[in-house]
Amino acid sequence: MKRLLIIALAAAACSRPGPNAPAEYRPADGSFSASLPGGWKVDDSLGETRKAAFFGPPSGPGAWTEMIRVSLYPATTPQAYRATRPGLPTPLQETAAGGAKALEFLSNSEFRDPHAGVKKLSSRVVMLPTAQGLFVLEHAWPDGAPASREAFAGLLSTFKPKSP
């Protein structure tokens with residue numbers, strides 16, 4: 001998991017710019033749609049589970065330090081996914097994504113940045129079981145820094161998995 005985050009953060013520099021205002025985003029495989037935060041960069045190179053990653057915010061003291069990742073795990077449960085997380089995740093709480101019932105937890109982790117040493121991250125993880133599998137929507141930011149909560153809330157409220 002840490003390795004994926006390191007790769008994703010490194011890819012931010014190569015990502016294409018997002019729209020200036022929130023706009024609907026749909027990956028090439030059509031697995032979901034959601035509104036992007038305005039100006040955030042998109043890395044939509046698909047991985048085994050990764051569908052897209054968004055990097056931002058585009059300005060301010062924390063510019064380009066946050067990531068929102070959308071992943072899909074075809075054969076995983078929320079409890080099994082949560083058990084794979086490093087650190088001490090908080091208990092599962094009910095929430096919503098795209099108007100559907102979801103579960104969330106918070107966690108902290110560390111990763112080694114080759115340029116800046118060990119970095120600590122805070123994450124909010126929302127898990128949405130669907131007919132396709134378990135969508136995991138994660139917002140990660142530097143530990144102790146303010147997070148762009150509106151950006152993740154906007155993505156969560158507009159998230160729509162592909163219909164079966």
Side-chain angles (χ1 to χ4, degrees), residues 1-15 18 25 27 31-32 34 36-37 39-98 101-130 133-157 159 161:
M1 195 59 60
K2 289 182 206 176
R3 185 173 181 201
L4 291 174
L5 184 57
I6 292 167
I7 292 167
L9 289 173
C14 303
S15 304
Y25 172 81
S31 56
F32 73 93
L36 287 177
W40 284 49
K41 291 183 180 182
V42 178
D43 178 358
D44 53 8
S45 54
L46 298 176
E48 184 179 338
T49 58
R50 189 176 95 158
K51 298 300 177 183
F54 313 106
F55 300 91
S59 60
W64 310 117
T65 61
E66 299 179 40
M67 177 187 69
I68 296 173
R69 180 176 58 220
V70 178
S71 302
L72 176 61
Y73 297 85
T76 302
T77 66
Q79 293 76 11
Y81 179 80
R82 184 178 169 276
T84 67
R85 293 299 297 201
L88 298 172
T90 61
L92 291 176
Q93 301 290 322
E94 287 190 12
T95 191
K101 184 178 173 181
L103 294 169
E104 75 172 287
F105 65 92
L106 304 175
S107 72
N108 294 308
S109 61
E110 293 182 344
F111 76 95
R112 181 162 298 281
D113 180 330
H115 306 290
V118 175
K119 294 213 175 208
K120 294 184 178 198
L121 295 175
S122 295
S123 295
R124 178 179 175 203
V125 180
V126 174
M127 301 170 295
L128 177 64
T130 70
L134 182 68
F135 273 99
V136 176
L137 315 170
E138 179 176 7
H139 180 203
W141 63 92
D143 192 33
S148 302
R149 299 194 195 297
E150 317 79 49
F152 192 54
L155 185 121
L156 286 176
S157 68
F159 187 82

Engineer: Verify whether one side chain among R85 and S109 offers a donor that lies under 3.5 Å from an acceptor in the other.
Structural biologist: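 No, no side-chain donor-acceptor contact under 3.5 Å.
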Engineer: Output the distance between atom OG (S123) and atom CG (L106), rounded to the nearest 0.5 Å.
Structural biologist: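 Taking OG in S123 and CG in L106, the distance rounds to 9.0 Å.
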Engineer: What is the minimum heavy-atom distance between P146 and E66, and which atoms define it?
Structural biologist: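 Closest approach of P146 to E66: O-OE2, 3.9 Å.
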Engineer: Hey, are the side chains of K119 and P142 touching, using non-hydrogen atoms and a 4.5 Å cut-off?
Structural biologist: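 Sidechains of P142 and K119: no contact.
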Engineer: Can you tell me how far apart CG (L72) and OG1 (T49) are? Round to the nearest 0.5 Å.
Structural biologist: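 L72 atom CG to T49 atom OG1 measures 8.0 Å (nearest 0.5 Å).
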Engineer: Could you tell me whether the side chain of T76 reaches within less than 4.5 Å of the side chain of M127, counting heavy atoms only?
Structural biologist: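 Sidechains of T76 and M127: no contact.
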Engineer: Of all heavy-atom pairs between W64 and G39, which one has the smallest distance, and what is that distance?
Structural biologist: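 Heavy-atom minimum between the residues: CH2-O, 3.4 Å.
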Engineer: Give the minimum heavy-atom separation between P129 and P78, together with the two atoms involved.
Structural biologist: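 Distance-wise, the nearest heavy atoms are CG-CG, 4.1 Å.
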Engineer: Less than 4.5 Å apart, any side-chain heavy atom of P58 and any of W40?
Structural biologist: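 Result yes, sub-4.5 Å side-chain heavy-atom pair found.
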Engineer: Out of curiosity, E94 CD to L103 CG, how far, rounded to the nearest 0.5 Å?
Structural biologist: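 E94 atom CD to L103 atom CG measures 6.5 Å (nearest 0.5 Å).
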Engineer: In Å and rounded to the nearest 0.5 Å, what is the CZ to CG distance from R69 to L137?
Structural biologist: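 If I round to the nearest 0.5 Å, the distance is 10.5 Å.
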Engineer: Any side-chain heavy atom of L156 within less than 4.5 Å of one from R124?
Structural biologist: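 A side-chain contact under 4.5 Å exists here.
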Engineer: Where does the angle between the aromatic ring planes of Y81 and Y73 fall among parallel (under 30°), tilted (30 to 60°) and perpendicular (over 60°)?
Structural biologist: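 Tilted: the ring planes of Y81 and Y73 meet at 30° to 60°.
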Engineer: Between F105 and P91, which heavy-atom pair has the shortest distance, and what is it?
Structural biologist: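 The answer is CB-O, 4.1 Å.
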Engineer: Applying side chain to side chain contact (heavy atoms under 4.5 Å, CB included), run through K51 and L46 and close with a yes or a no.
Structural biologist: CA-CA 5 Å; K51 298 300 177 183; L46 298 176; 4.3 Å; yes
Engineer: Using 30° and 60° as the class boundaries, would you call the ring planes of F32 and F159 parallel, tilted or perpendicular?
Structural biologist: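 Geometry flag for F159 against F32: parallel rings.
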Engineer: Do R82 side-chain atoms and T77 backbone N/O form a donor-acceptor pair below 3.5 Å?
Structural biologist: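 No.
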Engineer: Looking at CZ of F152 and CH2 of W141, how far apart are the two atoms once the value is rounded to the nearest 0.5 Å?
Structural biologist: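 Output value for this atom pair is 8.5 Å.
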Engineer: How far apart are the closest heavy atoms of P161 and L128, and which atoms are they?
Structural biologist: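 Closest approach of P161 to L128: CG-CD2, 4.0 Å.
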Engineer: Say you draw a straight line from CD of E138 to CZ of R50; how long is it, rounded to the nearest 0.5 Å?
Structural biologist: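 The CZ atom of R50 is 12.0 Å from CD of E138, to the nearest 0.5 Å.
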Engineer: Which heavy-atom pair separates G154 from S157 by the least distance, and what is that distance?
Structural biologist: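 Closest approach of G154 to S157, heavy atoms only: O-OG, 3.1 Å.
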